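Remarks on the structure that follows.
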Amino acid sequence: SSGYNYFTGSVDADCELPSGSIGTVVTVKAGNTAIGAAVVVNRSGSGSGVDTIDGANSILLESPYAAVTMVYARPGEWVIV
């Protein structure tokens, strides 16, 4: 969801960005993930209405306590800030 999103636990997690409107900000922070575990942040939408994250379909937070902040910059595009 928009705002801050914190994942606890040491297992893999997948999440999807919300449908954005210009200026929406989402921050995702991993907890103390186990070795080999990660948080995957997937683009929002489906079919022809998909958004991208700096041109990618997803991003991977694979370090314990890794974080990323994204803003919905224009239709179809989340950017990492």
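Only heavy atoms go into these numbers, but all of them, side chains included; no hydrogens, no water, no symmetry mates. Nothing here was measured: the structure is a model prediction, and the numbers come from that model.
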Residue pair V40 / D12, side-chain heavy-atom distance below 4.5 Å:
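Side-chain contact under 4.5 Å: no.
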Do Y72 and S2 come within less than 4.5 Å of each other through their side chains, counting heavy atoms only?
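SC-SC contact between Y72 and S2 ruled out.
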Out of curiosity, does [Y] fall in the hydrophobic cluster containing [X] (side-chain heavy atoms, cut-off under 4.5 Å, transitive links)?
X: V39; Y: I80; result: yes
X: M70; Y: V81; result: no
X: V68; Y: V25; result: no

Compare every heavy atom of S44 with every heavy atom of S19, then report the nearest pair and how far apart it is.
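Looking at all heavy atoms of both residues, the shortest contact is N-CB, 4.3 Å.
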What are the two closest heavy atoms between A38 and L60, and how far apart are they?
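A38 and L60 have their closest heavy atoms at CB-CD1, 3.3 Å.
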side-chain hydrogen bond (donor to acceptor under 3.5 Å, both in side chains) partners of residues 53-63, not counting sequence neighbours, each pair once
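Checked against side-chain hydrogen bond (donor to acceptor under 3.5 Å, both in side chains) - neighbours excluded - the pairs reaching residues 53-63 are R43-N57.
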Under 3.5 Å, sequence neighbours excluded: what are the donor-acceptor pairs made by side chains of residues 26-36?
residue : atom : partner : partner atom : Å
T27     : OG1  : T69     : OG1          : 3.0
K29     : NZ   : Y65     : O            : 2.6

Hey, could you give me the CD1/OG1 distance between I59 and T52, rounded to the nearest 0.5 Å?
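It comes to 11.5 Å.
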Any chance you could measure D51, atom CG, to L17, atom CG, to the nearest 0.5 Å?
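It is 8.0 Å, given to the nearest 0.5 Å.
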Quick one: list whatever passes ring pair (Phe, Tyr, Trp, His ring centres under 6.0 Å) with F7, sequence neighbours left out.
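F7 satisfies ring pair (Phe, Tyr, Trp, His ring centres under 6.0 Å) with no residue once adjacent residues are dropped.
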